[in-house]
Amino acid sequence: MNKSELALPVGTTLDRFIKKKQDDFTYATGELSQILRDIALASKITNREINRAGLLDIGGALGEMNVQGEEQQKLDVIANIRFIRALTNGGEVCGIVSEEDEDMIEINRQGKYVVAMDPLDGSSNIDVNVSIGTIFSVYRRVSEIGGPVEIEDVLQKGSEQVAAGYVLYGSSTMLVYTTGNGVTGFTYEPSLGEFFLSHPNMKSPEDGKIYSINEGSSSEFDQSVNDYIAECKSKKLSARYIGSLVGDFHRNLLKGGIYIYPRTDKSPDGKLRLLYECNALAFVCEQAGGLATDGEGRILDIKPTAFHQRSPLFIGAKKMVEKACSYNKATATI
Ligand code: AHM
Ligand code: MG
């Protein structure tokens with residue numbers, strides 16, 4: 001046996017990768033690198049808490065509602081605190097908009113970036129050991145550095161994002177992100193406490209065989225959505241829906257599929273939040289060669305008007321999203 005085979009290389013850590021790629025950033029200052037490291041740190045701690053759910057008294061509901069009128073789970077709140085704390089200590093961020101907080105949180109006026117995030121998405125799956133995720137989106141602030149963080153710093157079109165990604169707490173924990181130069185995935189190695197490069201240059205298949213939608217609400221969907229579902233069935237595609245956006249999106253990204261959360265009678269603007277759910281995944285998806293629309297136009301072109309604004313979402317393999325939107329001939333521009 002060759003001696004070097006006794007100690008095989010462990011691979012490229014996220015930190016080392018970020019450092020190597022720093023020059024790819026539009027603003028190659030290292031600040032954005034620090035934000036990604038802060039997010040990675042918070043996700044490791046959140047991962048630890050999630051893995052202990054069931055052993056400690058951190059499962060179940062907190063007994064309070066968030067700004068969306070949804071019951072907050074204890075782990076939603078724990079993850080929110082962890083991410084805010086890491087980004088605060090990192091010092092590069094001036095403001096955070098979180099699904100769990102009504103108002104923007106001002107942090108460091110010298111920070112050049114704002115972050116929009118859903119610290120723990122898929123709340124209904126927390127207590128039943130099904131995959132959940134963190135979603136994040138980073139913008140460069142437009143207001144003067146040193147002054148107060150402004151609403152306009154966050155209410156930018158998704159096309160202005162400088163970085164976005166997600167963490168999937170699944171059968172393994174993965175961090176996937178883009179800074180506008182393709183999509184890269186890292187897998188967490190718990191014994192070393194590090195994310196390692198595992199999915200370089202992730203690409204969405206152009207077409208796919210999976211459709212993901214909560215069909216239980218089909219009586220509330222527009223006819224065009226039901227027409228597309230009928231087509232999926234006629235082609236004998238596979239229906240896969242776990243109710244965790246990050247998990248459903250990630251599977252479809254790897255295997256080829258479409259995720260749809262359309263408008264419904266109950267949620268006339270859709271359920272998902274534009275700033276910290278749709279935009280972040282739309283950026284990742286486009287960077288991987290896929291497409292993301294609200295059923296009519298490109299997600300990344302929508303100018304947000306409110307922090308917690310909702311949007312319908314059609315996201316995934318390019319041909320599937322185009323096909324789904326083609327049923328909506330009256331208004332679709334894609
Ligand atoms: P949340 O942010 O409260 O967790 O809600 C978002 C989640 C998504 O992860 C998931 O795709 C969707 O809501 C499921 O909603 P539904 O149960 O209506 O199908
Ligand atoms: Mg969410």
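Atoms within a ligand are numbered from 1 in the order they appear, just like the ligands themselves.
Side-chain atoms of S311 and D294 form no donor-acceptor pair, as typed in the model, at a separation below 3.5 Å. For the 3.5 Å distance criterion, the side chains of S244 and N125 qualify, holding a donor opposite an acceptor. The closest side-chain donor-acceptor pair between T187 and E189, if any, does not fall under 3.5 angstrom. Looking at T134 and Y169, their side chains do bring a donor and an acceptor atom within 3.5 Å of each other.
E277 contributes OE2 as its N, O or S atom closest to the Mg ion (ligand 2). Shortest distance from the Mg ion (ligand 2) to D121 is reached at OD1 (N/O/S atoms only). Atom OE1 is the N/O/S atom of E99 found closest to the Mg ion (ligand 2). Among the heteroatoms counted here (N, O or S) of D118, OD2 is the one nearest to the Mg ion (ligand 2).
Close contacts between ligand 1 and Y241 involve ligand atoms 11 (O), 12 (C), 14 (C), 15 (O), 16 (P), 19 (O) [criterion: under 4.0 Å to a heavy atom]. Taking every heavy atom of Y259 and a limit of under 4.0 angstrom, the matching atoms of ligand 1 come to 10 (C), 11 (O). Under a 4.0 Å criterion applied to the non-hydrogen atoms of D118, ligand 1 contributes the atoms 2 (O). When each atom of ligand 1 is checked for a heavy atom of R273 under 4.0 Å away, the hits are 1 (P), 2 (O), 3 (O), 5 (O). The L245 neighbourhood of ligand 1 comprises atoms 8 (C), 9 (O), 10 (C), 11 (O), with distances under 4.0 Å to a heavy atom of that residue. For ligand 1, the atoms sitting less than 4.0 Å from at least one non-hydrogen atom of E99 are 1 (P), 2 (O), 3 (O), numbered in the order shown with element in parentheses. Annotation for ligand 1: atoms under 4.0 Å from non-hydrogen atoms of G122 are 4 (O), 9 (O).
Residue contacts with ligand 1: V246 is placed with no nitrogen or oxygen under 3.5 Å of a nitrogen or oxygen of the ligand (distance criterion only). Among the atoms of D248, none of the N or O lies under 3.5 angstrom from an N or O of ligand 1. Ligand 1 has no N or O atom lying under 3.5 Å from any N or O atom of L120, backbone or side chain.
The shortest distance between side-chain heavy atoms of V246 and I132 does not fall below 4.5 Å.
Taken from CG in N328 to OG1 in T293, the straight-line distance is 8.5 Å, to the nearest 0.5 Å.
Taking a cutoff of 4.0 Å between a charged side-chain nitrogen and a carboxylate oxygen, E296 and R263 qualify as a salt bridge.
A donor-acceptor distance shorter than 3.5 angstrom exists from the side chain of R251 to the backbone of R240, with no hydrogens or angles considered. E160 contributes no side-chain N or O that, together with a main-chain N or O of K157, makes up a donor-acceptor pair within less than 3.5 Å.
Of all the listed residues (L313, D76, N214), N214 holds the heavy atom that lies closest to atom 16 (P) of ligand 1.
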Tell me, with the steps shown, if V10 and E194 meet side chain to side chain contact (heavy atoms under 4.5 Å, CB included). CA-CA 10 Å; V10 287; E194 293 275 12; over 6 Å; no

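Using a 4.0 Å cut-off between heavy atoms, S123 contacts ligand 1 through both its backbone and its side chain.
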